[in-house]
Amino acid sequence: MKKIIAIFMVILSSLSFSAKKLYVGTNAEFKPYEYLDGDKMVGFDIDLMNKLGEMLGYEIKWVNMNFDGLLTSLQLKKIDAVIAGMSPTEERQKAASFSVPYMFFKSGHLVIVNEKSTYTSKEQLKGKTAGVQMGSIQEGFAKDIGATPKFYSSFTAALMELQNQKVDSVIVADSTGREYLKTMKKIKKIDMIEDKKPGASIAFRKNDEKLAKEFSDAIIKLKETDYYAGLVKKYFPDRYEEFMADKAKK
């Protein structure tokens with residue numbers, strides 16, 4: 001009898017676990033947030049979401065797609081959530097529910113130009129073109145400096161156009177930009193735009209406020225752990241000391 005009960009409990013446990021799969025969309029072209037290492041998806045967002053899933057009892061199933069298709073796929077129920085360095089802009093909040101921001105440290109955005117360019121500061125780009133990924137927060141930064149955003153499906157595509165002098169500049173997150181500068185020729189950094197309050201959040205369907213709240217509560221708890229500090233040190237080493245100093249003040 002005990003054996004039968006044990007088997008029954010294993011079956012129930014299995015069914016319960018399979019029912020809690022969470023399909024999460026991302027765009028794995030944004031190192032160190034999310035990127036491919038061979039066939040494996042890795043990065044700050046990936047490790048963070050996997051840990052949150054572990055805390056809340058969800059099995060995270062990853063779906064890689066173009067950035068500009070993420071929210072559409074969410075609305076069509078092809079995925080259950082989105083994590084891709086996505087900020088909850090006013091327009092996006094009309095279509096989705098968002099968790100609290102999950103990045104608790106400052107970040108910046110590099111202004112990159114062709115190596116032959118005579119531009120030396122972001123102020124000189126007023127009225128010029130700035131390549132950005134479609135739907136990204138960098139569109140707002142481009143407008144802030146008076147540049148005209150030129151949209152691309154990925155930052156890789158934007159930077160390739162920059163190499164060929166078909167766009168005046170590209171604005172990209174600093175950590176990601178530094179990775180591109182290591183591997184792509186004919187481009188250079190000329191300036192930085194600071195983002196004092198990074199708003200990257202996890203997106204859920206509009207009617208999934210309860211799920212957004214569940215993940216928000218978990219994010220706030222995770223922030224205080226050594227695990228979160230380890231992620232910052234691993235993926236954003238230049239921000240680690242500042243993060244720990246700010247944490248010690250609170």
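Below, all heavy atoms of this structure are taken into account, side chains as well, without hydrogens, waters or symmetry copies.
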Exercise. Got a salt bridge between K122 and D191, using NZ or NE/NH1/NH2 to carboxylate O under 4.0 Å?
Worked result: yes
Problem set entry | Nearest atoms (heavy-atom pairs only) where T225 meets K221 | CG2-O, 3.5 Å
Exercise. Do other residues, nucleotides or ligands put more than 12 heavy atoms under 6.0 Å from the NZ atom of K206?
Worked result: yes
Exercise. Any sub-3.5 Å donor-acceptor pair from D246's side-chain atoms to F105's backbone N or O?
Worked result: no
Problem set entry | Distance in Å, I193 CD1 paired with F141 CZ, rounded so as to fall on 0.5 Å steps | 6.5 Å
Exercise. Does the ring of Y240 carry K233 above it, NZ/CZ under 6.0 angstrom from centre and within 45° of its axis?
Worked result: yes
Problem set entry | Shared hydrophobic cluster, M103 / L52 (ILVMFWY, side-chain heavy atoms < 4.5 Å) | yes
Problem set entry | Donor-acceptor contact present, side-chain Y228 to main-chain F104, <3.5 Å | yes
Problem set entry | Separation of L125 CG from T148 OG1 (nearest 0.5 Å) | 10.5 Å
Problem set entry | Donor-acceptor under 3.5 Å (T129 side chain, D168 main chain) | yes
Exercise. Is it true that atom CE of M41 has more than 12 heavy atoms of other residues, nucleotides or ligands lying nearer than 6.0 Å?
Worked result: yes
Exercise. Does any donor atom in the side chain of E91 or T89 lie under 3.5 Å from an acceptor atom in the other side chain?
Worked result: no
Problem set entry | Worked check of side chain to side chain contact (heavy atoms under 4.5 Å, CB included) between K31 and V42 | CA-CA 9 Å; K31 191 174 183 178; V42 296; over 6 Å; no
For this session: Kindly say whether V100 contributes a backbone atom to a donor-acceptor pair with the side chain of S216 at under 3.5 angstrom?
Result: yes
Problem set entry | Heavy-atom side-chain contact between R239 and K106 under 4.5 Å | yes
Exercise. Under 4.0 Å between a Lys/Arg side-chain N and an Asp/Glu carboxylate O for K186 and E115?
Worked result: no
Exercise. Cut-off 3.5 Å, side chains only: do D47 and Y235 have a donor facing an acceptor?
Worked result: yes
For this session: Applying side chain to side chain contact (heavy atoms under 4.5 Å, CB included), run through Y152 and V132 and close with a yes or a no.
Result: CA-CA 6 Å; Y152 295 91; V132 299; over 6 Å; no
Seminar exercise, completed: All heavy atoms of A81 vs all of I202, minimum pair found to be CB-CG2, 4.3 Å
Exercise. So do L22 and L56 actually touch side chain to side chain, heavy atoms under 4.5 Å?
Worked result: no
Problem set entry | Under 3.5 Å: donor-acceptor pair, side chain of R205, backbone of L76 | no
For this session: Can you establish whether the number of heavy atoms outside E224 located under 6.0 Å from its atom CD is more than 12?
Result: yes
Exercise. Does the pair E179 and T183 meet the rule for a side-chain hydrogen bond (donor to acceptor under 3.5 Å, both in side chains), with working shown?
Worked result: CA-CA 7 Å; E179 293 298 327; T183 58; over 6 Å; no
Problem set entry | Side-chain donor/acceptor of E34 to backbone N/O of I46, under 3.5 Å | no
For this session: Give a yes/no verdict on a cation-pi contact between K51 and Y227, requiring under 6.0 Å between NZ or CZ and the six-membered ring centre and an angle within 45° of the axis.
Result: yes
Exercise. Same hydrophobic cluster for L71 and L211, using side-chain heavy-atom links shorter than 4.5 Å among ILVMFWY?
Worked result: no
Exercise. Looking at E29 and S154, what are the two nearest heavy atoms and their distance?
Worked result: OE1-CB, 3.0 Å
For this session: Please step through side chain to side chain contact (heavy atoms under 4.5 Å, CB included) for the pair I137 and H109, ending with a clear verdict.
Result: CA-CA 10 Å; I137 192 173; H109 302 265; 4.1 Å; yes
Exercise. Counting only heavy atoms not in N164, do more than 12 fall under 6.0 Å of its CG?
Worked result: yes
For this session: Report the C-alpha separation of F243 and F236 in whole Å, then their side-chain angles, then the decisive distance to 0.1 Å, and conclude whether the ring pair (Phe, Tyr, Trp, His ring centres under 6.0 Å) test is met.
Result: CA-CA 10 Å; F243 167 74; F236 301 95; over 10 Å; no
Problem set entry | From CD1 (I112) to CZ (R178), nearest 0.5 Å | 10.0 Å
For this session: Using a 4.5 Å cut-off on heavy atoms from C-beta on, say whether the side chain of M49 contacts that of W62.
Result: yes
Seminar exercise, completed: Closest non-hydrogen contact found for L70 with A84 is CD1-CB, 3.8 Å
Exercise. Do other residues, nucleotides or ligands put more than 12 heavy atoms under 6.0 Å from the NZ atom of K247?
Worked result: yes
Problem set entry | Single hit among F44, F155, Y180 for ring pair (Phe, Tyr, Trp, His ring centres under 6.0 Å) with F30 | F155
Exercise. Side chains of M192 and L110: closer than 4.5 Å at any heavy-atom pair?
Worked result: yes
Problem set entry | From CA spacing to verdict: side chain to side chain contact (heavy atoms under 4.5 Å, CB included), V167, L162 | CA-CA 5 Å; V167 64; L162 185 64; 3.9 Å; yes
Problem set entry | Joint cluster assignment, V113 & V172, ILVMFWY side-chain distance < 4.5 Å | no
Exercise. Do NZ/NE/NH1/NH2 and the carboxylate oxygens of K143 and E139 come within less than 4.0 Å?
Worked result: yes
Exercise. Is it true that I60 and Y102 fall in one hydrophobic cluster, defined by side-chain heavy atoms closer than 4.5 Å?
Worked result: yes
Exercise. For S87 and A200, which heavy atoms make the closest approach, and how far apart are they?
Worked result: OG-N, 4.1 Å
Exercise. Can you get from I171 to M184 by hopping between Ile, Leu, Val, Met, Phe, Trp and Tyr side chains that sit under 4.5 Å apart?
Worked result: no
For this session: Would you check if the side chain of Q163 reaches a backbone N or O of I187 as a donor-acceptor pair within less than 3.5 Å?
Result: no
Problem set entry | Distance (rounded to the nearest 0.5 Å) between E123 CD and I190 CD1 | 9.0 Å
Exercise. How many angstroms lie between OH in Y23 and CG in D80, if you round to the nearest 0.5 Å?
Worked result: 8.5 Å
For this session: Any chance you could measure L74, atom CG, to M86, atom CE, to the nearest 0.5 Å?
Result: 8.5 Å
Problem set entry | Close side-chain approach of M65 and K78, heavy atoms under 4.5 Å | no
Exercise. Would you say T26 and Y33 make side-chain contact, with heavy atoms under 4.5 Å?
Worked result: no
Exercise. For K188, does the NZ atom have more than 12 heavy-atom neighbours from other residues, nucleotides or ligands under 6.0 Å away?
Worked result: yes
Exercise. What heavy-atom pair brings S97 and E209 nearest, and what distance separates the two atoms?
Worked result: OG-CG, 3.7 Å
